[in-house]
Amino acid sequence: MAGMDSMNRDMAAGMSNKDADVAFICGMMAHHLGAISMSQLELKYGSDPTAKALATKIIAIQNRELEEMDKWLKIHDTH
């Protein structure tokens, strides 16, 4: 639950940007980092092979999307 609380705090902080597009990207980046964290916990403590495979897939996809959002943010965030 501490991880979820941290993700929610980070999402709220990101969403506070006055630029709606930047706020969206910042909030989504925090959301993706939370998904990666949850997936890493599944890989560490989970026992179901299907759930573990899904966690591995989620980590890969979320990391690719984070890279895309980071590139976008570097171009568009003027603050």
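Numbering of residues begins at 1 and proceeds along the displayed sequence.
Within the 3.5 Å criterion, the main-chain N or O of G27 finds no donor-acceptor partner in the side chain of H31.
Side-chain atoms of D21 and W72, non-hydrogen and from C-beta on, do get closer than 4.5 Å to each other. Using a 4.5 Å heavy-atom threshold, the side chains of L73 and V22 count as touching.
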Side-chain donor-acceptor contacts of residues 39-47 below 3.5 Å, not counting sequence neighbours, with atom names and distances?
{"unit_1": "S39", "atom_1": "OG", "unit_2": "A35", "atom_2": "O", "d": "2.9"}

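Note that CD1 of I61 and CG of L66 are 12.0 Å apart. Values are rounded to the nearest 0.5 Å.
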Begin from the C-alpha positions of D48 and K52 and carry the test salt bridge (Lys or Arg N to Asp or Glu O under 4.0 Å) through to its verdict. CA-CA 6 Å; D48 182 82; K52 290 173 86 71; over 6 Å; no

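Sorted by first and then second residue, the pairs that involve residues 55-65 and meet side-chain hydrogen bond (donor to acceptor under 3.5 Å, both in side chains), not counting sequence neighbours, are H32-Q62, H32-E65.
By the rule that hydrophobic residues join a cluster once side-chain heavy atoms approach within less than 4.5 Å of another member, L33 and I25 end up as members of one cluster.
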